[in-house]
Amino acid sequence: MIAFEDGHRVKLKADAYVLRHKALTGLAFEKNLLALVAAGGVDDVLPLLAEDVAAAVRAYQTQVLGALGRWEAKLHAFVGENAHLERKEFAAKTKASLPPLLQPIAFRARDGIPPRNGLMGILERAAHSDTRVEAIRPVFEMAWTPVRVDD
């Protein structure tokens, strides 16, 4: 902040300050953090964050990607165990065994598309709105406390 004798004040913000502020402002909304996780961009913002905030962001990323990895393994196993079934039987077993959000991924996995692709797609789509984040929260075991931004 520069203060002139006539009372006029000017606040100069360096590029690093603006980038840090944008990163912190984005963390006020879980959907923005989820977008970073889905895009693999968390490591890019960690150096801009205070230590405690960076630790919380890392923990969130670990939580989300850990759940994704567990579902990926479960889907691989499920498809492997049930690949011999006729499509109708596979559909019935899928409906009885998996959350609705993951059922289409099981069908695509049966057709040879890696489950990770579908799971990452869920994260990417959810990052577009808070409502979508809430819809996937139980499946991906997500919990986030918004970051408060102070200038």
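Scope of the values below: all heavy atoms of this structure, side chains included, with no hydrogens, waters or symmetry mates. Owing to the predicted nature of the structure, the values given are computational and were not obtained by experimental measurement.
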Please find the pair of heavy atoms, one from [X] and one from [Y], that lie closest to each other, and give the distance.
X	Y	value
V139	P99	CG2-CB, 4.4 Å
V79	R110	CG1-CA, 3.7 Å
R125	G118	NH2-O, 4.4 Å
A109	P115	CB-CG, 3.9 Å

What distance separates [X] [atom1] from [Y] [atom2], expressed to the nearest 0.5 Å?
X	Y	atom1	atom2	value
K31	L123	NZ	CG	15.0 Å
Q103	L75	CD	CG	10.5 Å
L68	R116	CG	CZ	5.0 Å
S97	E81	OG	CD	9.5 Å
I105	W71	CD1	CH2	10.0 Å
L33	M142	CG	CE	8.5 Å

Any side-chain heavy-atom pair of [X] and [Y] under 4.5 Å:
X	Y	value
L119	F140	yes
Y60	E30	yes
I136	L34	yes

**Request:** Check for a donor-acceptor pair, side chain of E141 on one end and backbone N or O of Q63 on the other, with a separation under 3.5 Å.
**Result:** no
**R132 side chain to H128 backbone, donor-acceptor under 3.5 Å** = no
**Prompt:** So does R137 pair up with D130, basic N to acidic O under 4.0 Å?
**Reply:** no
**Message:** Is the ring pair F90/F107 parallel, tilted or perpendicular, if the boundaries are 30 and 60 degrees?
**Reply:** perpendicular
**Item:** Within one Ile-Leu-Val-Met-Phe-Trp-Tyr cluster: L102 and L85, side-chain cutoff 4.5 Å
**Value:** yes
**Prompt:** Between F29 and V133, is a side chain to side chain contact (heavy atoms under 4.5 Å, CB included) present by the stated rule, with each step listed?
**Reply:** CA-CA 10 Å; F29 301 97; V133 170; over 6 Å; no
**Prompt:** Please walk me through it: do R58 and D43 pass salt bridge (Lys or Arg N to Asp or Glu O under 4.0 Å)?
**Reply:** CA-CA 9 Å; R58 267 191 234 98; D43 289 342; over 6 Å; no
